[in-house]
Every structure is written in C-alpha cells, then in structure tokens.
There are 2 protein chains.
Amino acid sequence: MTEELSDRQKEIIEVSLELISEKGIQGLTIKNLAKRIGFSESAIYRHYENKTEILVSILNFFKYNIEKLFKAELNTERDAISKINNLLFNQFKIFTASPSLVAVIFSEELFRNEIILMNKVSEIMKNSFDTLTSIIKTGQEKGELRADVEAEHLAVVVMGALRLFVKQWQMSNHEFNLTEKGSELSSSINILITK
Amino acid sequence: MTEELSDRQKEIIEVSLELISEKGIQGLTIKNLAKRIGFSESAIYRHYENKTEILVSILNFFKYNIEKLFKAELNTERDAISKINNLLFNQFKIFTASPSLVAVIFSEELFRNEIILMNKVSEIMKNSFDTLTSIIKTGQEKGELRADVEAEHLAVVVMGALRLFVKQWQMSNHEFNLTEKGSELSSSINILITK
DNA sequence: AATAAGTTAGTGAGTATTCACTCTGCAAAG
DNA sequence: CTTTGCAGAGTGAATACTCACTAACTTATT
C-alpha cells in the first residue's frame with residue numbers, strides 16, 4: 001500500500017498537487033507538469049506509465065492520509081465526542097495544509113469516465129463514512145451520543161457539514177481560517193449530537 | 001429572467017441534460033449534442049453562441065427551480081420545521097425527477113476555468129444557503145428551533161446533509177429511493193434542530 | 001397574382017488548438 | 001556496454017468553433 005515512490009515520482013505528485021490547487025484538476029496536464037518540473041513531456045513517462053497512474057498515486061496518498069486519520073481515531077479509548085472532534089479538526093488541518101486535496105475530493109464528476117479513479121474515490125468516501133458511523137454507534141451504545149436518531153443519519157449530518165464547510169472555504173478563495181472557524185462548527189455539531 | 005427560449009433551444013437544453021445524466025458533464029460535447037438531436041454540429045451555433053452559453057442556460061434553469069422553491073417556502077406562514085421539511089422534500093423530488101441536475105451541481109470543479117459558470121454556481125449556492133439561514137433564524141426567534149447553536153451552523157448542517165445524501169444516492173447509481181429515504185433523513189434532521 | 005428581397009435553419013468542409021502518448025536517439029553512470 | 005533519464009519531434013484523436021453556401025419560408029413591392 002505504501003507504493004515505494006522514487007524521488008522523481010514524489011516530485012511529480014507534489015507538482016501535480018500544486019497545479020491542481022492553482023488551476024483545478026483541469027490544470028493538471030502532462031504539458032504543465034513537464035514545464036513546471038523543468039523537463040520534457042516524454043520524461044514523465046519514464047516515471048509513470050500514464051496520466052491515470054499519476055492520479056491513482058495522488059488518490060492513494062489522499063486515501064492513506066484520510067484512513068490513517070480515521071482508523072487512528074477509531075481505536076483510541078476516548079469518548080465519541082472527542083473522537084469526532086479530533087476527526088474534524090485534523091481533517092480541517094489537512095485541507096488547510098494542502099488545499100489541492102480539496103480540489104481532488106470534489107473532482108468526482110471529472111473521474112466519471114475513468115473507472116479506476118471513480119472506484120478509488122467512492123472507496124475513500126465509503127470508508128470514511130463507515131468508520132464515522134461505527135464511532136457514532138459505539139458512542140450511542142455507551143450513552144455518550146443521542147440515540148433517538150440513527151447512527152447513519154448522524155454520520156450524514158456530520159460528514160455533510162464537514163464537506164459543505166470545506167467547499168464554502170474553497171469557494172471563498174480561502175478567505176477565512178478553516179481550522180479556526182472549523183473548530184467553532186465542530187462545537188456546534190457536538191451540541192447537536194450529544195445526549 | 002425567464003430567458004424566452006425558442007423550441008430548439010429548449011430541445012438543446014433537454015438533450016444536454018440527457019447527455020449529462022448519461023455520461024456526466026464530460027459527455028456534453030457539441031458533437032454528441034448534434035448527433036443526438038439529429039443535425040450538424042454547426043447548426044447548434046444558430047441557437048447558441050457557444051458552449052458556455054448552453055451551460056449558462058442550464059444553470060439558469062437550475063437556479064430558477066431552486067430559487068422558486070426556496071423563496072416560496074420562505075414566504076409561507078408555516079413554522080420553520082415544516083418549511084425546512086418541505087424544502088428538503090421538494091429538493092429530493094426535483095433530483096429524483098431530473099438526476100442530471102445532480103451532475104450539474106457537483107461539477108463545480110469543471111467550471112473552474114470559466115468564470116461565468118463559476119459565478120453562477122456560487123450564486124446559486126449562496127442564495128440557497130442565505131435563504132435557509134434566514135428561515136432558521138426566524139424559527140429560532142419564534143422559539144421553534146433550538147437557539148443554542150448559531151443559525152449559520154445549523155444551515156451548514158442541514159444543507160451539508162442534503163448534499164451528501166444526494167451525492168451518496170448518485171454514487172450508488174440511484175440504488176435507493178431518494179425521496180423516500182430522504183424523508184427519513186429529514187425527520188432525523190428535524191429532531192436534531194428542534195428545541 | 002407574380003416577383004423580388006430578406007430571414008431562418010440547416011449542411012459539410014475546414015480551422016486552430018489541445019490532449020495524452022510514442023519513437024528515436026543521445027549522453028552519462030555503473 | 002547496458003541501463004537510466006532525458007530531449008525533440010511527431011502522431012492521431014478530440015475539442016470548440018468558423019466559413020461559404022443552400023433550401024425553404026415569409027414578407028413587401030409592383
């Protein structure tokens with residue numbers, strides 16, 4: 001799963017994320033990539049078989065980060081509230097640190113004709129959602145979270161709010177501090193889902 | 001605002017929505033459009049100046065529907081809960097009836113290089129969000145909704161849940177009944193935001 | 001009523017551009 | 001002397017869009 005990337009491959013991914021954050025997924029072309037790195041277009045194919053492979057690599061990077069975050073939180077001994085709190089906080093921090101990832105997760109529509117990419121994206125989403133649901137379920141059983149609403153619905157609410165908030169941040173051209181304002185949103189969510 | 005579309009223009013929009021729902025925004029090309037309608041590519045330019053104009057037309061159609069829905073609900077004498085309930089229900093019904101609109105609202109990333117389209121999309125989102133926030137605010141003042149969480153955060157939660165749920169429906173290939181399951185989600189949301 | 005003029009909606013060929021990707025050859029390193 | 005990393009030139013497919021032209025109507029003029 002760790003993929004063992006070479007230095008050049010890492011550089012290609014880095015520059016790809018740069019380009020995506022600047023001009024969106026559409027800005028990620030072989031030409032732009034080569035120009036930015038400073039070598040010819042053909043050189044890229046020494047390191048990646050094709051463009052899809054590059055995108056797969058990016059999604060794997062994303063998947064790895066997200067899942068590490070979610071799984072880690074799932075297996076702690078904290079209560080559900082602080083698990084979810086941490087989850088949201090870390091998620092906001094990741095996006096603040098690399099805004100290009102925001103463009104990536106909202107590019108599903110563009111991946112629609114590439115089945116591999118589509119599957120990767122749904123996998124990531126489903127995984128996060130399931131982990132969150134499971135955290136909530138446990139929290140309900142322990143009496144930490146309200147149980148008058150089913151866990152899956154609470155998960156939709158939490159994850160939906162997270163995504164929309166990040167989207168609003170992106171559309172405002174990062175006008176507000178995502179981590180800071182995100183903390184406030186997080187507190188509000190806490191109030192809503194606590195017993 | 002009604003745009004006064006000719007019969008042919010209406011047909012072009014209809015077929016565009018068809019193509020989008022089948023193959024995503026990427027499936028909407030002048031070639032595909034012309035082939036489906038049954039005339040030459042150049043004929044399209046008799047009815048629309050360029051492809052962007054077609055997309056603007058689609059977004060206007062979407063904007064019109066959404067805003068009609070939100071504004072109508074804002075001005076009724078019902079309580080906030082049933083306003084939001086209706087809003088969600090009608091929204092789910094619209095998407096069920098024309099799933100292509102889902103592809104459109106999640107295509108923001110693709111519109112990023114076309115400022116006109118980008119602006120149209122943010123306008124639609126901002127408008128809906130503001131109307132929803134205003135409904136919630138009124139509900140809080142009247143004591144119908146919980147006031148221990150600020151209105152904007154409640155709006156993020158409601159709208160975020162709506163969007164994520166629709167996204168999940170789309171990604172499942174419309175496997176479940178959006179209107180039906182959406183009603184259930186709506187009930188859960190009610191519970192969360194009621195005093 | 002007949003002709004002339006103008007409009008509308010179409011065709012088909014062709015444009016420029018962009019895209020991902022390939023082929024050949026070269027130079028340096030092991 | 002073979003592998004690796006790269007350059008340069010090129011390919012074919014796809015894209016949105018333009019151009020000159022035409023057939024079918026409609027409207028105005030005599």
Side-chain angles (χ1 to χ4, degrees), chain A residues 3-20 22-59 103-104 107 109-118 120, chain B residues 3-20 22-59 103-104 107 109-118 120:
Chain A
E3 276 194 90
E4 294 293 337
L5 298 183
S6 72
D7 286 355
R8 262 297 196 219
Q9 284 180 317
K10 279 179 203 155
E11 190 185 358
I12 290 172
I13 298 304
E14 257 174 49
V15 173
S16 293
L17 289 175
E18 257 178 58
L19 288 171
I20 291 171
E22 285 167 26
K23 309 179 202 175
I25 281 275
Q26 309 232 70
L28 178 61
T29 66
I30 301 294
K31 199 178 185 175
N32 289 346
L33 208 44
K35 200 188 293 172
R36 181 69 63 97
I37 292 177
F39 63 7
S40 70
E41 298 178 38
S42 50
I44 289 172
Y45 294 92
R46 280 275 168 206
H47 308 280
Y48 279 103
E49 251 188 44
N50 49 47
K51 194 185 167 183
T52 302
E53 286 299 311
I54 298 177
L55 284 164
V56 167
S57 213
I58 292 176
L59 286 176
V104 176
S107 295
E109 198 49 40
L110 250 160
F111 296 157
R112 207 154 130 171
N113 45 355
E114 280 277 4
I115 305 158
I116 315 169
L117 300 177
M118 258 284 280
K120 207 116 216 143
Chain B
E3 271 195 272
E4 293 293 336
L5 297 183
S6 71
D7 285 355
R8 261 299 196 222
Q9 283 181 317
K10 278 181 205 154
E11 191 185 358
I12 290 173
I13 298 305
E14 257 174 50
V15 173
S16 292
L17 289 174
E18 255 178 61
L19 287 171
I20 291 170
E22 285 167 27
K23 309 179 202 175
I25 281 277
Q26 311 232 69
L28 179 62
T29 65
I30 300 294
K31 201 179 186 172
N32 288 346
L33 207 44
K35 201 189 292 172
R36 181 69 63 96
I37 292 177
F39 62 8
S40 68
E41 297 178 40
S42 42
I44 289 172
Y45 294 93
R46 287 276 169 214
H47 307 279
Y48 279 103
E49 252 189 43
N50 50 46
K51 194 184 166 183
T52 302
E53 286 299 312
I54 298 177
L55 284 164
V56 166
S57 213
I58 292 176
L59 286 176
V104 176
S107 294
E109 198 48 42
L110 249 160
F111 296 156
R112 206 153 129 172
N113 44 356
E114 280 277 5
I115 305 157
I116 314 169
L117 299 178
M118 258 285 279
K120 205 115 218 147

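Below, chain A is the first sequence line, B the second, and so on; all start at residue 1. Quick caveat, the model's predicted, so the values are computed rather than measured.
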Students often get this wrong, so: under 4.0 angstrom with heavy atoms, is A:Phe39 touching a base, only sugar-phosphate, or nothing?
sugar-phosphate

Apply the side chain to side chain contact (heavy atoms under 4.5 Å, CB included) test between A:Ile58 and each candidate in A:Ile13, A:Ile12, A:Ile25; give the one that qualifies.
A:Ile13

Output the rounded distance in Å from CD1 (B:Ile30) to C1' (C:dA16).
16 Å

Considering just the side-chain nitrogens and oxygens of A:His47, establish if one lies under 4.0 Å of OP1 or OP2 belonging to D:dT4.
no

Heavy atoms under 4.0 Å, any strand shown: does B:Ile37 hit a base, just sugar-phosphate, or nothing?
nothing

Spacing of B:Tyr48 atom OH relative to C:dT8 atom P, expressed in whole Å:
17 Å

B:Arg46 side-chain proximity, nearest of D:dC17, C:dG10, D:dC6
C:dG10

Report yes if a donor N or O on one partner sits less than 3.5 Å from an acceptor N or O on the other, where the partners are the side chain of B:Ser42 and the base of C:dG12; otherwise report no.
yes

Nearest-Å distance for atom pair CD1/P, residues A:Ile44 and D:dA7
10 Å

Rounded distance in Å - CD (B:Gln26) to P (D:dT15)
10 Å

Among the nucleotides D:dC17, C:dT11, D:dA7, which one has an atom lying closest to any side-chain atom of A:Ser40?
D:dA7

Residue whose nearest DNA chain C nucleotide is more 5′ - B:Arg8 or A:Thr29
B:Arg8

In whole angstrom, give the distance that lies between atom NZ of A:Lys31 and atom P of D:dG8.
14 Å

Could you walk me through whether A:Leu28 and A:Leu17 satisfy the side chain to side chain contact (heavy atoms under 4.5 Å, CB included) test, starting with their C-alpha distance in whole Å, then the side-chain angles of each, then the deciding distance to 0.1 Å, before giving a yes or no?
CA-CA 8 Å; A:Leu28 178 61; A:Leu17 289 175; over 6 Å; no

Atom-pair distance (CG on B:Leu33; P on D:dC17), nearest Å:
12 Å

Whole-Å gap separating P (C:dC19) and CG (A:Asn113)
16 Å

What is the distance from CG of B:Asp7 to C1' of C:dA9, rounded to the nearest Å?
13 Å

Show your working on side chain to side chain contact (heavy atoms under 4.5 Å, CB included) between A:Lys23 and A:Asn32 and close with a plain yes or no.
CA-CA 11 Å; A:Lys23 309 179 202 175; A:Asn32 289 346; 4.2 Å; yes

Among the candidates D:dC17, D:dG5, C:dG10, find the nucleotide nearest to the side-chain atoms of B:Lys51.
D:dC17

Does this structure show an ion pair linking B:Arg36 with B:Glu18, if we count only N-O contacts that are shorter than 4.0 Å?
yes

Report yes if some heavy atom in the side chain of A:Glu109 is under 4.5 Å from a heavy atom in the side chain of B:Glu109; otherwise report no.
no

By the 4.0 Å heavy-atom rule, please label A:Ala43 as base, sugar-phosphate, or nothing.
sugar-phosphate

